[in-house]
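For reference, the structure discussed in these notes is given below.
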Amino acid sequence: MADGVKVFSGRYEMVRQVARGGMADVYLARDLLLDRPVALKVLFRELSIDPAFVERFRREAQAAANLTHPSIVAVYDWGEEDGTYFIVMEYVDGRSLSTVLREDGALSPERAAAIGADVAGALAFAHRSGVVHRDVKPGNVLLDTVGHVKVADFGIARAINTEENLTQAGTVMGTATYFSPEQAQGHQVDQRSDVYSLGVVLYELVTGRPPFVGDNPVAIAYQHVRQDPVPPRDVNPAIPEPLEHIVLRAMAKDPAARYASADELRNDLLRFRQGRAVTATAPPPTMAVPTVAAAPVAPATASTTAVPRTRAVVEEPMADPHPPRRTGAYLALLFSLLGVLALLMFLLARSLGVVGGGDTGALVVVPTVVGDEAGKARETLRGFGFEVKDEVETNTADVGTVFKQVPEANTRLAQGETVTIYISKGESGIGVPDVVGELQDEGRRALERAGFEVRVENRTDRQVAAGTIVSQEPPGGGTAPEGSEVTIAVSSGKPAVQVPDVTNMDTAEASNRLGQEGFKTAVKREPSDDVEEGRVIRTDPAAGADAPLGSTVTMTVSSGPAEPEEVTVPDTVGMSEEEARNALTSAGFKVRSQDTLATSQDQDGKVLDQSPRGGRSAPKGSTVTIIIGRQATN
């Protein structure tokens, strides 16, 4: 830290805070290495001690970093600094869609459809990569200064096919205003959940207000499950009927009645923008989504008690088949169940250290880190809220691994207390030079001079220049037996990928295709008489060429036929027909002649009039008609 300015990983210099989310602060920062602005997302410190939250944060970075698409905010890096975890993302200079709605109000149907189509394209790409966003809302859609759409914050996304479910049964993640019915009930979600949430966003874009509001998240989530939205045209009659059909189909309570994919929703929005017929039709009144039997939920106006780590869970109220006669029995049963539930929640909170238990305080079970590499051990212990002290000693364990910890594993210890880890420096040996970041030849020479054998492994790396050492084993700073082998991994640079042929595709389809292959995209436009407006003429690098993964492919897109050049029409009145034809064709015009009766001999064969007249401007290549005098023959 220099002059009080916080620098993360010695590289990302914090400039100012720009936003605050549900689990992290977002700052504008400067990447000192590449000299560019970046967005720095820093997990709240109180959450950094929770291993589950840290794992979710790590998953966010990994999921989003694998999504390379022009309408998805890029993730560059992630790491840990002084026990606080952070993600480095592309900085988008512009406004969020929520700010646009707050400052400008409802959007025009055409603009709303255009933004919705771009968001749907980004979601479709993510879905094909196995990721569901789970928190689609106006605050996570950014518009840069030229109006390009960027979808941000895959912070609660998770891989569709992952076996490890970070969300326990019954836990709901997302924002209640934009929940899908299945999210509101804590059920399994798929890509159609994102389609529903985008439908809610579209509803708000064209009406200026969300479809459901309430006093608390449970009240709102209940409406998503049980109530039909007011049709958008009842709120804003200026909304075209086809667009209303699109919004309501996307918001169908039953996932099977929605668009099957974000691509289908995008295609219907594009049809609407082009004035073509859409596939969505006026839906029938929606029945509430059936739910599994569960404890009753309060009506929309009731307040609820929050359950730890669960934002809102809504289930369909159970009907009472015998209202008057068994009221007392049911009330007794209900209060008994509530008492048992309260006791279980207390015991759970106590076991987690949320509430005290006698004189034990907020104690946490110390995890075992013996056998772990030192860095991993530190991360694990800090994730549980402990301070970590290192002791490096000679030991038969592998160099750099933990062979003892104090207190021992399974001891109960207050958060903030210190756990000492004993790190092996081997039985005996010499110091291993740290060569990470050096060029291959320089690092090899340093290790050989120190008395080690060197083995080289090549590794593709998107961030590190070719020929640079990205890691070593054993790590630098420790010790190893003289003459032993040190393995260095050397970057071979970004892998080369063949540029796919996207000519004649529309811009969004071409961007998706290039993004799937790992490229970023840029667009420039030029007129074309042969390629339809909005379709790709060519790319740079050209189709079939090899280019580094993650590099930018520039698409040249047709802006339609070129405007014809305007030129001055020559004045040919008085010329012979041949002279007039030569003058007009030389100027770039086509010529058509018409005969008329000459009134004198000197008019015979001469141009008496022309259209357009001489001296006026006309499109080059257009036709000029000349009137030729002809004398009558006996």
If you take all heavy atoms of [X] and [Y], which pair is closest and at what distance?
X	Y	answer
Val225	Pro181	CG2-O, 3.9 Å
Glu244	Asp234	OE2-N, 4.5 Å
Pro70	Ser511	CG-CB, 3.5 Å
Leu28	Pro37	CD1-CB, 4.1 Å
Phe272	Ala113	CD2-CB, 3.7 Å
Ala106	Thr207	CB-C, 3.9 Å

Whether [Y] and [X] form a salt bridge (side-chain N of Lys/Arg under 4.0 Å from carboxylate O of Asp/Glu) is what I want to check.
X	Y	answer
Arg513	Glu517	yes
Glu379	Lys376	no
Asp118	Lys150	no
Asp35	Arg30	yes
Arg273	Asp506	no

Let's go through Thr177 and Phe212 carefully: what are the C-alpha distance in whole Å and the side-chain angles of both, what is the deciding distance for side-chain contact (heavy atoms from CB on, under 4.5 Å) to 0.1 Å, and is it a yes or a no?
CA-CA 7 Å; Thr177 302; Phe212 302 118; over 6 Å; no
Stepwise, does the salt bridge (Lys or Arg N to Asp or Glu O under 4.0 Å) test hold for Arg535 with Asp530?
CA-CA 11 Å; Arg535 294 189 174 273; Asp530 303 318; over 6 Å; no
Do [X] side-chain atoms and [Y] backbone N/O form a donor-acceptor pair below 3.5 Å?
X	Y	value
Thr84	Glu80	no
Thr507	Gly534	yes
Asn504	Val531	no
Glu182	Pro255	no
Asp540	Thr554	no
Ser551	Pro548	yes
His133	Ala152	yes
Gln183	Arg134	yes
Tyr203	Val230	yes
Glu533	Gly560	no

Do Phe125 and Leu67 pass the side-chain contact (heavy atoms from CB on, under 4.5 Å) test, and can you show the C-alpha distance, the side-chain angles, and the key distance before you say yes or no?
CA-CA 8 Å; Phe125 177 80; Leu67 300 177; 4.2 Å; yes
Could you check if a side-chain atom of [X] sits within less than 4.5 angstrom of a side-chain atom of [Y], using non-hydrogen atoms only?
X	Y	value
Leu97	Leu143	yes
Phe179	Lys137	no
Asp263	Arg128	yes
Arg459	Val470	yes
Thr68	Phe519	no
Arg249	Arg258	no
Leu205	Arg111	no
Ser71	Val119	no

We want to know whether [X] and [Y] form a side-chain donor-acceptor pair, criterion being a heavy-atom distance below 3.5 angstrom.
X	Y	result
Asp25	Gln17	yes
Ser528	Ser558	no
Tyr76	Asp31	no

Distance in Å, [X] [atom1] paired with [Y] [atom2], rounded so as to fall on 0.5 Å steps:
X	Y	atom1	atom2	result
Leu123	His127	CG	NE2	5.0 Å
Ser193	Gln188	OG	CD	10.0 Å
Phe8	Glu81	CZ	CD	6.0 Å
Asp153	Ile72	CG	CD1	12.5 Å
Leu33	Ser9	CG	OG	11.5 Å
Ser261	Arg266	OG	CZ	10.5 Å

Evaluate Thr556 against Thr539 for side-chain contact (heavy atoms from CB on, under 4.5 Å), listing each step before the verdict.
CA-CA 6 Å; Thr556 301; Thr539 59; over 6 Å; no
Can we call the ring centroids of Tyr178 and His224 under 6.0 Å apart?
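No, the ring centres sit 6.0 Å or more apart.
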Could you go through the side chain to side chain donor-acceptor pair (under 3.5 Å) check for Asp268 and Thr279 one step at a time?
CA-CA 7 Å; Asp268 238 5; Thr279 62; 2.8 Å; yes
Residue that, paired with Tyr259, satisfies side-chain contact (heavy atoms from CB on, under 4.5 Å) out of Leu198, Ile246, Asn267
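Exactly one candidate clears the test, Ile246.
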Go through Glu526 and Ile537 one step at a time and tell me if the side-chain contact (heavy atoms from CB on, under 4.5 Å) criterion holds.
CA-CA 9 Å; Glu526 70 175 41; Ile537 302 171; 3.7 Å; yes
